[in-house]
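Just so you know, ligand 1 is whichever comes first in the structure, and atom 1 is the first atom listed for that ligand.
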Amino acid sequence: MKKILALVLAALMMLSATLVFASCDTPSTTDNKGAAPSASEESASDEADGTDGEKQVLKMATNAYFPPYEYYEGDKIVGIDAEIAAAIAEKLGMELVIEDMAFDSILTAVENGSVDFGMAGMTVNPDRLKSVNFTISYAKGVQVVIVKEDSPITTVDDLFADGATYKVGVQTGTTGDSYSSSDFGDARVSRYVSGNEAVAALLRGDVDCVIIDNQPAKSYVANNEGTKILATSYADEDYAICVSKTNEALLEKLDTAIYALIEDGTIAGIVAKYIKE
Ligand code: ARG
């Protein structure tokens, strides 16, 4: 029963994601479509828990420069995604291992089977759905615009104004990257390895604004005096976990686990711990 509900939820979510992004689905040069799916999908999906007490490893790819979803506390990766992933692994009786990598390497790692899934505040969008599957959504995101406090940019519309030449900083391979590249043209977009680097470029005056997800944006702004977030937002999104298209069994297990963790309030509890408002 739950599985059916989860599948219905997943279908609804994908439909709504498609509707949300129908207007901005433009292929981007930064998407990862290069790697062919490999045969090595066995690590997470084949067997149930080990019989000898050894837990099977569940390997997650992330980019840990995205608070409060994933970030370092000392040498440990913590945050909403890390905790939800740990709760999922516990439900599945598996041992979670988190691998930190560049955000634009995650899809490739999932596709070629070097990790079992990607979880990185990752937005479901039609472009990505061409190369990976997504679970049901576990959180919402909003793309916002960070500017300097004295910026002439006062609303998102200013970026679209006739003759506007404002430069936009983004994290490479993110939806902020692909949407702003298609909205404003490649020449106006500068790409950085992390949101923090993009904000540093804003402070140096190399770009006029940064487009990034709202929660990390709050933390970047809190840590960088003289910056603020515009009141108008740029895009609404759904976050989900991505899995290789060749690993339907894992997708089903993750969906079932996420559904149960939504239903029993675990996910809401984790989110509330990190996001106070
Ligand atoms: N939500 C955006 C996307 O999916 C940005 C995610 C960036 N995540 C990260 N861990 N750096 O493209």
>> Test: side chain to side chain donor-acceptor pair (under 3.5 Å). Region: residues 192-201. Which pairs qualify, not counting sequence neighbours?
In response: none
> What do the steps show when you test E95 against Q56 for side-chain hydrogen bond (donor to acceptor under 3.5 Å, both in side chains), and what is the final call?
Replying inline: CA-CA 6 Å; E95 185 198 339; Q56 214 185 330; over 6 Å; no
>> Geometry only, no angles: is T62 polar-contacting ligand 1 at N/O separations under 3.5 Å?
In response: no
>> Please tell me whether Y69 and Y239 form a close aromatic pair, meaning their ring centres lie under 6.0 Å apart.
In response: yes
> For ligand 1, is there an N or O atom under 3.5 Å from any N or O atom of G173?
Replying inline: no
>> Check for me whether the distance between the ring centres of F184 and Y166 falls short of 6.0 Å.
In response: no
>> If you compare all heavy atoms of I136 against all heavy atoms of A240, which two are closest, and at what distance to 0.1 Å?
In response: O-CB, 3.8 Å
> Is there a donor-acceptor pair closer than 3.5 Å between any side-chain N or O of N223 and the backbone N or O of Y220?
Replying inline: no
>> Just to be sure I'm reading this right: ignoring hydrogens, which of Y239, F66, Y179 gets closest to atom 9 (C) of ligand 1? Compare them by their nearest heavy atoms.
In response: F66
> Which one holds for D213 and ligand 1: side chain close, backbone close, both close, or neither close, with close meaning a heavy atom under 4.0 Å?
Replying inline: side chain
> Taking both backbone and side-chain atoms of T174, is any N or O found less than 3.5 Å from an N or O belonging to ligand 1?
Replying inline: no
>> Using every non-hydrogen atom in the two residues, find where I212 and Q171 come nearest and quote the distance to one decimal.
In response: CD1-CB, 4.5 Å
> Against heavy atoms of N63, which atoms of ligand 1 measure under 4.0 Å?
Replying inline: 9 (C), 10 (N), 11 (N)
> What are the two closest non-hydrogen atoms of L107 and R128, and how far apart are they?
Replying inline: CD1-CG, 3.8 Å
> Among the heavy atoms of Y65, does any lie under 4.0 Å from an atom of ligand 1?
Replying inline: no
>> Show the atoms of ligand 1 that are less than 4.0 angstrom away from any heavy atom in M122.
In response: 4 (O)
>> Ignoring hydrogens, what is the shortest heavy-atom contact between I153 and L230? Give both atom names and the distance.
In response: O-CD2, 3.6 Å
>> Heavy-atom pairs closer than 4.0 Å: do any link ligand 1 to the side chain of R128, the backbone, both, or neither?
In response: side chain
> Which atoms of ligand 1 sit under 4.0 Å from any heavy atom of E237?
Replying inline: 1 (N)
> Please state which protein non-hydrogen atom is closest to atom 8 (N) of ligand 1 and give its distance, to 0.1 Å?
Replying inline: A120 O, 2.7 Å
> Which ligand 1 atoms are under 4.0 Å away from a heavy-atom of Q171?
Replying inline: 7 (C), 11 (N)
> With a 4.0 Å cut-off on heavy atoms, is G121 touching ligand 1?
Replying inline: yes
